[in-house]
Amino acid sequence: MSGYWGRSVKTIKETAKMVYDADYLFRAKERTVATVTGKMDLENWVKGSDRDIGGFSDVWLDTTSSGHAKFHGYISQKLPEDTRFNRSGYAMVRTRDPRPNILGDGTWDSSLYRYLAIRVKADRRKYFVNLKTDTLIQTDIYQHILPIRKPGQWETVILPFNMFTLTSNSVILASQPMMASTNMETVGFSLSDRREGPFSLEFAWIKAINTNFTFGEVIRLSYHPDVTWKTDFAKLDKKL
């Protein structure tokens, strides 16, 4: 089943699962934002590079033998022939723009969750995680560096939503308004570290989550000096 009704059925199932998995106060524990388990799931993603403006970088999005996504290619620093551009060398991948369904416009609400969790395996290059919300300026993107602690190995990276920085065309903006978290549109990865050469990043899923101590930006339990988001990080990483 595809199209409007197919998206509607999928959304209803996902919403029902979130309600079923919630705690006794109906506080959401997690939401799967994106997952890749096979080639069919790649239809929900788009990719791009500086070739879109005449550059020479290559980007591919494939699946591995285990069915997970592989964002890879080659970053070229060669400038486009168009003299309006004085720098080049980037690649990106993101989920497709939201499409309406019977329950709404296809966006999702991150305000119910504290962290973005990503199951990923990457090389030593400097990647960013990108979040697009419903904004008036289409180039506005909220970004956070992807902190890879174990290059070449699978790990779970957890990023607080309130630590993302507003950028436009990869430039940090002086004004940092709060994210329009109730209307999240896309999530993805980008690479623009100005280094010539190949790159590779694999990912299995992206989730919005709470820990046992949080519900969105609300702390569930009273403060204790031994409980921080970093200690939550360590406990969750062991489980995953």
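Computed from heavy atoms alone, side chains included, the values below leave out hydrogens, waters and symmetry copies. We count residues from 1, following the sequence as given.
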Check your understanding: Any side-chain heavy atom of F85 sitting closer than 4.5 Å to one from L79?
Key -> no
Practice item. Check whether more than 12 heavy atoms from other residues, nucleotides or ligands sit under 6.0 Å from atom CD of Q153, and answer yes or no. Key: yes
Review point. Do N183 side-chain atoms and D134 backbone N/O form a donor-acceptor pair below 3.5 Å?
Key: no
Review point. Which heavy-atom pair separates N130 from F189 by the least distance, and what is that distance?
Key: ND2-C, 3.8 Å
Exercise for review: Just grab all the ring-ring contact (aromatic ring centres under 6.0 Å, His included) pairs involving residues 57-79, residues at least two apart or on different chains.
Suggested key: W60-H72, H68-W154, F71-F199
Revision key, fill the gap. Tightest non-hydrogen contact, residues V129 and L146, listed as CG2-CD1, 3.7 Å
Review point. What are the two closest non-hydrogen atoms of S88 and G55, and how far apart are they?
Key: OG-CA, 4.2 Å
**Study point:** T133-T135 side chain donor-acceptor pair, cut-off 3.5 Å
**Key:** no
Exercise for review: Kindly determine whether L131 and I141 satisfy side chain to side chain contact (heavy atoms under 4.5 Å, CB included), including the steps that lead there.
Suggested key: CA-CA 6 Å; L131 293 174; I141 299 290; 6.0 Å; no
Review point. For the side chain of R125 and the backbone of P198, is there at least one donor-acceptor N/O pair under 3.5 Å apart?
Key: yes
Check your understanding: Sub-3.5 Å donor-acceptor pair from the side chain of T95 to the main-chain atoms of V187, do we have one?
Key -> yes
Review point. Looking at Y90 and I75, what are the two nearest heavy atoms and their distance?
Key: C-CD1, 3.8 Å
Exercise for review: Please answer whether the main-chain N or O of R114 pairs with a side-chain N or O of N210 as donor and acceptor at a distance below 3.5 Å.
Suggested key: yes
Review point. Please, which pairs that meet ring-ring contact (aromatic ring centres under 6.0 Å, His included) have at least one residue in residues 36-57, sequence neighbours excluded?
Key: W45-F203
Review point. Taking only residues two or more places apart in sequence, or in another chain, which ones meet T35 in a side-chain hydrogen bond (donor to acceptor under 3.5 Å, both in side chains)?
Key: none
Practice item. For residues T182 and S111, report the shortest heavy-atom separation together with the two atoms involved. Key: CG2-OG, 4.0 Å
Exercise for review: Determine yes or no for a side-chain-to-main-chain donor-acceptor pair under 3.5 angstrom, with E155 supplying the side chain and R149 the backbone.
Suggested key: yes
Check your understanding: When you look at K70 and T63, which way does the side chain to side chain contact (heavy atoms under 4.5 Å, CB included) test go after all the steps?
Key -> CA-CA 6 Å; K70 184 176 182 180; T63 53; over 6 Å; no
Review point. Counting N and O atoms only, with roles assigned by atom type, does the side chain of E185 sit under 3.5 Å from a partner on the main chain of T107, one being a donor and the other an acceptor?
Key: no
Practice item. Please indicate whether R96 has more than 12 foreign heavy atoms, meaning atoms of other residues, nucleotides or ligands, lying under 6.0 Å from its CZ. Key: yes
Review point. Passes side chain to side chain contact (heavy atoms under 4.5 Å, CB included), V36 versus L42? Steps please.
Key: CA-CA 7 Å; V36 178; L42 297 184; 4.0 Å; yes
Exercise for review: Only counting residues at least two apart or in another chain, list the ones meeting salt bridge (charged side-chain N to carboxylate O under 4.0 Å, His left out) with R84.
Suggested key: D82
**Study point:** Q143/S190 under side chain to side chain contact (heavy atoms under 4.5 Å, CB included): CA gap, chis, key distance, verdict
**Key:** CA-CA 9 Å; Q143 292 189 310; S190 62; 3.8 Å; yes
Check your understanding: How about R94 and T186: does a side-chain donor come under 3.5 Å of a side-chain acceptor?
Key -> no
Revision key, fill the gap. In terms of heavy-atom contacts, Q138 and K132 come closest through O-CE, 3.3 Å
Review point. Which pairs, with at least one residue in residues 125-153 and sequence neighbours excluded, count as a ring-ring contact (aromatic ring centres under 6.0 Å, His included)?
Key: H144-F164
**Study point:** Heavy-atom side-chain contact between L116 and K207 under 4.5 Å
**Key:** no
Practice item. Answer whether the closest heavy-atom distance between the side chains of N44 and M40 falls below 4.5 Å. Key: no
Review point. Do you reckon M92 sits in the same ILVMFWY cluster as I206, going by side-chain contacts under 4.5 Å, direct or chained?
Key: no
**Study point:** Note, Y113 side chain near F161 side chain (heavy atom, < 4.5 Å)
**Key:** yes
Practice item. Is it possible for you to say whether L61 and V59 belong to one hydrophobic cluster, with membership spreading through side-chain heavy-atom contacts below 4.5 Å? Key: yes
Point to revise | Side-chain (T139) to main-chain (N169) donor-acceptor, under 3.5 angstrom | key: no
Practice item. Enumerate the residue pairs fulfilling salt bridge (Lys or Arg N to Asp or Glu O under 4.0 Å) with a member in residues 37-52, sequence neighbours excluded, ordered by first and then second residue. Key: R51-D58
